[in-house]
Amino acid sequence: MILRDTAPYTSLPHNGVNPQDVKVFHNTIWSATSTGCLRLFNPHPNYAQYCYSNAVFSTQAISNFINQSDNFTDSYENADKYFLNASKSLSETNLYPQTGQLKRNYDRPEHFSKSNCL
């Protein structure tokens, strides 16, 4: 779970090498800013970058991932429709899904196997 009110989670080139084999999955992000999101900056075109089964509540939720599936996105303001208590008070926040919410049926378990993840 990531609670952000400033900048996005971003993967940038490191030492001149663009993001290559990237797998981002099973994250919950709730961000009040227009920049809070999952974002790749200039991903390497010869590699796969996966973004699967994430719940992102932000203005611009997910960007620059070619391989996306089973992600759930909505606005920051609508998070209370999905979570038990999307409170601005961290001590009161409970981002466990309400009954029947955030259910997906992603059927590619090989993407989540230990051999495929760093």
Side-chain angles (χ1 to χ4, degrees):
M1 173 180 63
I2 302 170
L3 300 172
R4 306 245 346 159
D5 60 1
T6 55
Y9 169 79
T10 305
S11 180
L12 299 170
H14 180 70
N15 292 331
V17 178
N18 294 13
Q20 296 178 3
D21 185 25
V22 178
K23 295 176 179 75
V24 180
F25 57 92
H26 297 166
N27 294 284
T28 300
I29 298 175
W30 182 39
S31 176
T33 71
S34 61
T35 60
C37 63
L38 288 171
R39 179 184 309 155
L40 284 179
F41 177 76
N42 200 19
H44 196 294
N46 295 335
Y47 291 85
Q49 296 88 23
Y50 299 98
C51 187
Y52 294 147
S53 299
N54 297 284
V56 184
F57 295 84
S58 177
T59 302
Q60 295 186 20
I62 300 171
S63 60
N64 294 339
F65 283 88
I66 294 172
N67 299 295
Q68 295 185 44
S69 183
D70 205 42
N71 293 299
F72 188 91
T73 62
D74 205 337
S75 68
Y76 173 85
E77 295 78 18
N78 287 339
D80 61 346
K81 296 177 182 178
Y82 305 96
F83 299 117
L84 292 179
N85 190 11
S87 171
K88 292 184 180 183
S89 168
L90 185 57
S91 64
E92 297 174 12
T93 298
N94 184 343
L95 297 184
Y96 192 82
Q98 293 181 22
T99 302
Q101 296 296 331
L102 303 178
K103 298 277 185 182
R104 298 290 192 202
N105 294 316
Y106 188 70
D107 63 354
R108 301 285 305 268
E110 69 273 13
H111 287 140
F112 308 121
S113 70
K114 187 175 181 180
S115 63
N116 285 325
C117 300
L118 299 176

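Keep in mind it's a predicted model, so treat the numbers as computed, not measured. Both backbone and side-chain heavy atoms feed into the values below; hydrogens, waters and symmetry mates do not.
- Between Phe25 and Asp70, every side-chain heavy-atom pair lies at or beyond the 4.5 Å cut-off.
- For the 3.5 Å distance criterion, the side chains of Ser89 and Ser87 fail to qualify, holding no donor opposite an acceptor.
- Nearest heavy atoms, Pro19 versus Leu40: CB-CD2, 4.1 Å.
- Rounding to the nearest 0.5 angstrom, the gap separating the CZ atom in Phe57 from the OH atom in Tyr82 is 6.0 Å.
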Mind running side chain to side chain contact (heavy atoms under 4.5 Å, CB included) on Val24 and Phe65 for me, showing each step along the way?
CA-CA 10 Å; Val24 180; Phe65 283 88; 3.9 Å; yes
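- No side-chain heavy atom of Phe41 sits under 4.5 Å from any side-chain heavy atom of Asn64.
- Here the side chain of Trp30 pairs a donor or acceptor atom with the backbone of Tyr76 at under 3.5 angstrom.
- Ring geometry for His44 against Tyr47 counts as perpendicular: the plane angle is over 60°, on a 0 to 90° scale with 30° as the lower cut.
- At a threshold of 4.5 Å between non-hydrogen side-chain atoms, the residues Tyr96 and Leu84 count as touching.
- Rounded to the nearest 0.5 Å, atoms CG (Leu95) and CG (Asp80) are 11.0 Å apart.
- Side-chain N or O atoms of Ser58 include none that pairs as donor or acceptor with a backbone N or O of Ala61 at under 3.5 Å.
- Side-chain atoms of Thr93 and Phe83, non-hydrogen and from C-beta on, never get closer than 4.5 Å to each other.
- When side chains are defined from C-beta on, Gln68 counts as touching Ile62, because their heavy atoms get closer than 4.5 Å.
- Interatomic distance, CD1 of Ile29 versus OG1 of Thr73, reported as 11.5 Å (0.5 Å rounding).
- Side-chain atoms of Leu38 and Asn54, non-hydrogen and from C-beta on, do get closer than 4.5 Å to each other.
- Within the model, atoms OH of Tyr52 and NE2 of His26 stand 11.5 Å from one another, a figure rounded to the nearest 0.5 Å.
- Nearest heavy atom pair, residue Asn71 against residue Ser53, reads OD1-N, 3.3 Å.
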